[in-house]
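Contents: one structure, followed by commentary.
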Amino acid sequence: MRGQTKTKRMKRGQTIVAEREHAESDSERMLERKRQKRKHKRSLFLAIIILTALGALIYITGENAVNQYRPGAKEPETKYEIKAEIVDEDNRGQISTRVKNYIALLEQDLQDLGYTITQVTLPSGMSRELYVDLLDQEPYLKVNTDRDTAVTAEDADRVLRYLREKDLHPAYIDIRVDGKAYYK
């Protein structure tokens, strides 16, 4: 081993300057790693803040929704007044607030479609049904208080227009079932 020193052998095409650049790039890589770690920590922190804010928002809106439909929770009061006459065939004189609200909302929805309720009958022995008489309309409507009032009003409007077009005069229209209407 004559004349050889313990130096690192250079690769083919490599220069002394390239070795120095390699040393500089190592320190640059180390700095870049630190920057990447800081950037990762910042983005992780920002993601946690955003998720916390979204979670709080969902929790707040979820609590309002749960409280609104929780058994025993007060139902939102409507400001509609019932203008129609209410006839109780059982003569108990006790009409629940739920039924009164339903009648008021149905009256409002039908009024929006151009109909006026003259009388609502609570039939004897039936707890969730109402018979609704409309002004200037021959048939009365059989409705179910479990259905949405807006959907019931729309169904009634469609059936009444159909009956007018076909010049039919039934005794009543049964719209207690979603998507179906019967007349007799």
Side-chain angles (χ1 to χ4, degrees), residues 4-84 95-117 120 127-130 132 141-162 174-181:
Q4 290 184 353
T5 60
K6 288 189 165 184
T7 59
K8 209 173 174 183
R9 285 193 110 190
M10 293 177 50
K11 294 181 184 173
R12 188 173 184 191
Q14 189 177 14
T15 62
I16 296 173
V17 175
E19 185 66 30
R20 222 178 297 135
E21 287 176 359
H22 180 68
E24 289 173 0
S25 67
D26 280 345
S27 89
E28 285 176 357
R29 252 187 261 130
M30 199 167 70
L31 289 173
E32 184 61 30
R33 282 185 194 146
K34 286 182 181 179
R35 277 189 229 123
Q36 289 295 328
K37 281 184 181 180
R38 274 187 251 130
K39 186 177 178 182
H40 179 71
K41 285 179 183 178
R42 271 186 252 134
S43 62
L44 186 63
F45 182 70
L46 184 62
I48 289 172
I49 288 174
I50 290 172
L51 288 175
T52 304
L54 284 174
L57 182 65
I58 290 170
Y59 177 76
I60 289 169
T61 56
E63 275 296 308
N64 289 339
V66 168
N67 286 337
Q68 186 176 11
Y69 297 107
R70 188 173 286 158
K74 290 184 179 179
E75 293 182 19
E77 294 181 27
T78 57
K79 301 298 180 193
Y80 303 121
E81 290 184 28
I82 300 173
K83 298 172 187 167
I95 301 171
S96 69
T97 306
R98 181 175 173 268
V99 171
K100 287 180 183 177
N101 285 340
Y102 183 85
I103 293 169
L105 288 172
L106 182 63
E107 192 172 42
Q108 184 63 40
D109 290 336
L110 284 170
Q111 188 175 12
D112 291 344
L113 293 171
Y115 300 99
T116 304
I117 296 178
V120 178
S127 60
R128 292 187 177 106
E129 283 186 25
L130 300 174
V132 179
L141 306 173
K142 287 185 177 183
V143 299
N144 188 331
T145 58
D146 290 336
R147 289 187 69 201
D148 184 44
T149 59
V151 175
T152 301
E154 288 175 10
D155 288 348
D157 181 45
R158 273 192 228 112
V159 173
L160 289 168
R161 280 189 282 130
Y162 173 81
D174 188 344
I175 50 175
R176 295 176 288 183
V177 180
D178 286 335
K180 304 215 185 259

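Quick caveat: nothing in here was measured; it's all calculated off a predicted structure.
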Review point. Is a side-chain N or O of Y102 found less than 3.5 angstrom from the main chain of D146, in a donor-acceptor match?
Key: no

Residues E81 and E107: closest non-hydrogen pair is O-OE1, 3.3 Å

In this structure, CD1 of I117 is separated from CD1 of I103 (nearest 0.5 Å) by 8.0 Å

Residues passing the side chain to side chain donor-acceptor pair (under 3.5 Å) test with Q111, sequence neighbours excluded, are none

Sorted by chain and residue number, the side-chain contact (heavy atoms from CB on, under 4.5 Å) partners of K180 (sequence neighbours excluded) come out as V177, Y182

Throw together a table of side-chain donor-acceptor distances under 3.5 angstrom for residues 147-160, partners on residues two or more places apart or in other chains.
{"residue": "R147", "atom": "NE", "partner": "D178", "partner atom": "OD1", "Å": "2.5"}
{"residue": "R147", "atom": "NH1", "partner": "D155", "partner atom": "OD2", "Å": "3.4"}
{"residue": "R147", "atom": "NH1", "partner": "I175", "partner atom": "O", "Å": "2.4"}
{"residue": "R147", "atom": "NH2", "partner": "D155", "partner atom": "OD2", "Å": "2.5"}
{"residue": "R147", "atom": "NH2", "partner": "D178", "partner atom": "OD1", "Å": "3.2"}
{"residue": "T149", "atom": "OG1", "partner": "D109", "partner atom": "OD2", "Å": "2.6"}
{"residue": "T152", "atom": "OG1", "partner": "D148", "partner atom": "O", "Å": "2.9"}
{"residue": "D155", "atom": "OD1", "partner": "R158", "partner atom": "NH1", "Å": "2.9"}
{"residue": "D157", "atom": "OD1", "partner": "Y115", "partner atom": "OH", "Å": "2.7"}
{"residue": "D157", "atom": "OD2", "partner": "R161", "partner atom": "NE", "Å": "3.3"}
{"residue": "D157", "atom": "OD2", "partner": "R161", "partner atom": "NH2", "Å": "3.3"}

Only residue of E28, R29, R35 satisfying side chain to side chain contact (heavy atoms under 4.5 Å, CB included) with L31 is R35

Contacts of R33 meeting side chain to side chain donor-acceptor pair (under 3.5 Å) (sequence neighbours excluded), chain-then-number -> none

d(I82 CD1, N101 CG) to nearest 0.5 Å is 7.5 Å

Can I get a per-line list of side-chain donor-acceptor pairs under 3.5 Å for residues 42-57, giving both atom names and the distance, sequence neighbours left out?
{"residue": "S43", "atom": "OG", "partner": "K39", "partner atom": "O", "Å": "3.2"}
{"residue": "S43", "atom": "OG", "partner": "H40", "partner atom": "O", "Å": "2.9"}
{"residue": "T52", "atom": "OG1", "partner": "I48", "partner atom": "O", "Å": "2.7"}

Check: Considering only heavy atoms from C-beta outward, does the side chain of V99 approach that of L130 to under 4.5 Å?
Finding: yes

